[in-house]
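As a basis for the values below, the full set of heavy atoms in this structure was taken, side chains included, without hydrogen atoms, waters or symmetry mates. In what follows, residues are counted from 1 in the order of the sequence shown.
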Amino acid sequence: MEEKQLDQLIGSVERIVFRNEDNGWTVIELDDGQELHKVVGVLPMVGVGETLRLLGGWVEHPSFGVQFRAEYCERHLPTDEDAILQYLSSGAVKGIGQATAIRIVEKFGSSALEVMEKEPERLTEIKGISPAKAQKIAEEYAAQFGLREVLLAFSGYGLTPGEALRCWKKWGASTVERMRQNPYLLCSSGLYIGFERADQICMGMDRPADDPNRVEAGLLYILRHNLNNGHTCLPADKLCETAVSLLGVEPGMVAEVLDGMLAAFTVKEELFDERRFIFLNHLHRAEKYCAARIRLIGGFPPLPNRHIEESIDRIERQSGITYAAQQRLAIVEAVEKGALILTGGPGTGKTTALEAIIAILEQMGETVAIAAPTGRAAKRIAELTGREAKTIHRLLEVQWEDEETPAFGRNEKNPLDADAVVVDELSMVDVILFESLLRALKTGCRLILVGDTDQLPAVGPGCVLHDLMESGVLPVVQLTEVFRQAMESHIVSNAHRIVAGQMPEMAFRDGDFFFLSQDSVQGVTQTVLDLCSYRLPGKYGYTVFNGIQVLCPGRKGELGTRELNRRLQALLNPESEERRELTVEGTTLRVGDKVMHIRNNYDIGWTRDDGEIGQGVFNGDIGVLEDIDTRESTLSVRYEDRVAFYTKQEAQDLELAYAATVHKSQGSEFDAVILPLYRNPPMLCYRNLLYTAVTRAKSLLIIVGSRATVAEMVNNNRKTLRYSGLGRFLQQGEELGL
C-alpha cells in the first residue's frame, strides 16, 4: 500500500494500554498536541515519551469507538529532559525504574539517552548502578535501538512492523546488515514475506536480475510454492524452465546456481528413471524416512497368531455377522502381518472389518490407539468403533513452536505406549505428518491404515496412501463388494457409479438422493436458500444448525462459500440490535452464527456441560457462536456438549460455516448435504471432488444445478499429478536414514 493512500498521525506516546510481547500487538494513547487518540497495531518496544509518525487508517471499534490502526511507524526518541524522564520512567528500558530514571536525567540531562547508547560505562557514576547493572541496561537499550533501526529501515521498504519484528527475532542486531547484503533472506522460512515482495525490494535497490542470490531465492520459492500443489519434489528440467520464465534470466545461469545449491546441500537431488528430481531438504528427509520405516515394519512382522481363524469364528457367532471373504482376509492380514492397508468405498464394510481387527488385538492383550487427521474424522471413527479416537496431532502430543510449526512430544525418544495404531482417513494425511507418526511408533508396533483412494488427496504435500498401495511393500486389502443393505441407499449406489465413470441416477422422486435442475446462478442460489430456510426444515426437521451442510467446490464466485455464507447469514441470522457481533479480518461474526474452526489450536480453553475443563479446538470443528463480549473482544462457541472461549486474535481461526468447501468436509459426515453445481471453474470440475462430496451425506443428498456440470465432473477423471519420492524410495529398499 502506497504512503499517499494512508492517513498520517504524529504525536507523543502518553500511555501504553496493552502489549503482547510475543507478536508486538500494542494499544497506546497518543497525544497529537490537540487531543488524545487510541492507537492499535504492531508497535514493539514503543515507549512512553517517544514521538511517533504513524501511517494507517481510522477504524470504528464496536466497544472502544474510533481508533487509529497503525500499519507503519517511524519512531523518534525524546530529546528534552521532561520527555526523556517520562520515557525512562515508563519502564521502556528494563532495569530502569522511576527513581533510577530521575537520577540518570539529573546527572546527564538531555544527553542521557546518548550516554546510554555510546558511553554506558558512565552510568556507574550514579549511586546504585554497579558495572554489571550498567552493562545490562546498556544491552537492553542497545536491543531496543537495534529493533528501532530495523523498524525504520523496513518501513522504508514497505515492510510492516510485524514483519520487522519476525526478522529481528530471527537475526537480532545483524538484521539490517543481513538484509542489505542479501534482501532475498526475507524469503526465509517462518518470515512469511514471500519472494515477490522481496524481489520488489531488491529491484528498488537496483540489484541485477541475474544476482545469484535472486536466482537461488527464486528456485526455493518455486519448490515451496509447489508444496501447496501437493508436490514433494520437482523434475529439475521443469524447475529450471519455471525459474527462467519467472526470473527472466538465462538457462545457464539457473543451472549454475542450482548446481551450487546442490553442492552446498541447500536442496537434495534424486535420479528417477534417468530424470533428475529436486527436493527441499525436509521433504527429502521425510520421504526417505517414511520409506525406510515402512519397509522395516513390513519386514519384521510379529509372531503369528495360530488361533486367528477361531477368533474370527467366535466374533461371528457372538455378533451374528458373517464376514465376506475380503473382510476376513483383512482381519487375518492385520493380525498376522503386523501391518495392513484397508481401503474401499462406502458400503463395503471397512468399519465392520476394522472393529473385528481391534477386538481381536484387544483380546490378545494389545493396546490399540485410534487416530485420524482431523477432529471431526476422529469423532466419526470413535462413534463407529465405540472406542476413543484422537487427532494424530493430539495422539503425538503436539506443541506448537510458532503459529505454523508443530513439535511433538511423542517421537523416537518417547514413543507411543501402543502395541497397535489405527489411522483412519489416510488419504488426508500428508507426508510430513506421516513421518512424525512413524517416528513415534515403538519397535514392533502394528500399523493399520484405513482410507479411500477415490477421495480427494491430502491438502499438504505427498500422496502417502497412493504411494504405499502402489509400492506393494505392505499388504493391501481393497474391499469391493457392496453389501445389499448399503446398495438400498441411492447415495451409496450413485457414489459407486461416479467412481466407475457413470452418471449418477438422478430421476428419483423419493429416497435419499435428489437432483434439482436450475439453469442460472441466481436460480441455484435461491434454491439453496429455500432448502436451508424452510423446505428441508419443514419436510425433514433438519436445520443448518442440526443436520444440513451446504458443500461447495470452492470458496470464490457466486456459488462459492464466501458468497453463500454471506447470503445464508443474512437470511438465517440477520443483523439485529439483539445480536452482538464482532468483525474479525473483514468477516462479521454474529451471535447465533454457525462457525467452523479452521486450524488446530491446542491452547483454546473449553468447559463441558458437566463441568469438565480442557483445552483444544480442532480444524474442521463446527459449532454455534453463543456469546460475544464486545468490551473485552472475546467470544464463546458451543461445540455440542462444550463451550470454547476465544480472544479476538484467536477468533481469526473462525469462519462462517453455513457453507463449507468439499475439501474442508473430508473425514466428516452430515445428515443432509446440499451440493450446488453449476458451471464450476475447470480446476474444480473433476470426479474425485464430486465423489468426495456425495460420500459426505449420511441420510440425504441434494444436488442443485446443471446436469451438464455433473456429467463434466463424472467424465473428468483427471487425478492431479503429484511429484513425490516415497513410492520410489519404497521400491529402492534403502536402509533406515535418520
Side-chain angles (χ1 to χ4, degrees), residues 456 489-499 501-537 539-540 542 544 547-572 656-666 668 670-718:
L456 291 170
S489 163
H490 300 318
I491 294 173
V492 172
S493 61
N494 275 335
H496 286 276
R497 291 179 66 85
I498 291 167
V499 166
Q502 302 171 7
M503 276 292 286
E505 297 178 4
M506 300 192 295
F508 300 116
R509 295 294 180 183
D510 56 15
D512 57 6
F513 190 110
F514 297 91
F515 173 73
L516 304 180
S517 178
Q518 291 292 333
D519 58 6
S520 69
V521 170
Q522 293 75 19
V524 173
T525 300
Q526 190 57 53
T527 301
V528 170
L529 296 177
D530 292 346
L531 287 167
C532 291
S533 60
Y534 70 89
R535 291 175 66 174
L536 293 188
K539 185 170 183 179
Y540 296 95
Y542 295 135
V544 292
I548 299 173
Q549 183 60 57
V550 179
L551 295 182
C552 305
R555 298 174 63 87
K556 299 178 181 178
E558 293 181 80
L559 295 177
T561 58
R562 291 172 183 167
E563 179 61 18
L564 284 179
N565 270 320
R566 187 187 68 80
R567 296 288 300 272
L568 286 164
Q569 181 192 45
L571 176 66
L572 302 172
L656 295 174
Y658 301 99
T661 64
V662 177
H663 280 85
K664 276 293 184 186
S665 74
Q666 283 182 272
S668 302
F670 308 96
D671 289 326
V673 167
I674 301 171
L675 183 59
L677 298 177
Y678 185 79
R679 295 181 180 177
N680 295 3
M683 71 287 295
L684 296 174
C685 202
Y686 55 99
R687 188 184 300 171
N688 283 44
L689 190 143
L690 177 60
Y691 172 76
T692 302
V694 168
T695 54
R696 298 310 91 201
K698 185 161 55 176
S699 302
L700 180 65
L701 176 78
I702 302 176
I703 296 177
V704 183
S706 161
R707 185 180 296 271
T709 300
V710 175
E712 187 178 353
M713 297 181 78
V714 170
N715 293 328
N716 182 5
N717 196 29
R718 172 190 61 82

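Ile498 approaches Val694 most closely through the heavy-atom pair CD1-CG2, 3.9 Å. The nearest pair of heavy atoms linking Arg497 to Met503 is NE-O, 2.9 Å. Looking at every heavy atom in both residues, Pro504 comes nearest to Val714 through CD-CG2, 3.9 Å. Closest heavy-atom contact between Thr692 and Gln666: CG2-CG, 4.0 Å. The minimum heavy-atom distance linking Arg679 with Thr709 is given by the pair N-OG1, 2.9 Å. Of all non-hydrogen atoms in Pro676 and Val524, the two that sit nearest each other are CB-CG1, 3.8 Å.
Looking at Leu456 and Tyr686, their side chains come closer than 4.5 Å, going by heavy atoms from C-beta outward.
The main-chain N or O of Gly560 is never found under 3.5 Å from a side-chain atom of Arg555 such that the two would form a donor-acceptor pair. One N or O on the side chain of Asn565 and one on the backbone of Thr561 form a donor-acceptor pair closer than 3.5 Å. Under a 3.5 Å cut-off, the side chain of Ser665 and the backbone N or O of Ser668 do not form any donor-acceptor pair. At distances below 3.5 Å, at least one donor-acceptor pair connects side-chain atoms of Asn716 with backbone N or O atoms of Cys685. No donor-acceptor pair under 3.5 Å is formed between the side chain of Gln549 and the backbone N or O of Ala672.
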- request: Would you check, one step at a time, whether the test side-chain hydrogen bond (donor to acceptor under 3.5 Å, both in side chains) holds for Asp512 with Ser489?
  value: CA-CA 7 Å; Asp512 57 6; Ser489 163; 2.7 Å; yes
Step-by-step side-chain contact (heavy atoms from CB on, under 4.5 Å) determination, Tyr678 to Val704: CA-CA 8 Å; Tyr678 185 79; Val704 183; over 6 Å; no
field: CA sep, side-chain torsions, deciding dist, call: Asn494, Phe508, side-chain contact (heavy atoms from CB on, under 4.5 Å)
entry: CA-CA 11 Å; Asn494 275 335; Phe508 300 116; 3.8 Å; yes
field: Verdict with reasoning, Ser699 to Tyr542, per side-chain contact (heavy atoms from CB on, under 4.5 Å)
entry: CA-CA 11 Å; Ser699 302; Tyr542 295 135; 3.6 Å; yes
field: Criterion side-chain contact (heavy atoms from CB on, under 4.5 Å) on His663 and Leu689, from CA distance to verdict
entry: CA-CA 8 Å; His663 280 85; Leu689 190 143; 4.3 Å; yes
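Counting heavy atoms of neighbouring residues, nucleotides and ligands inside a 6.0 Å radius, atom CD of Gln502 exceeds 12 of them.
Taken to the nearest 0.5 Å, the CG atom of Asp671 stands 11.0 Å off from the CG atom of Leu536. Going from atom CG of Leu675 over to atom CG of Leu690 covers 6.5 Å, rounded to the nearest 0.5 Å.
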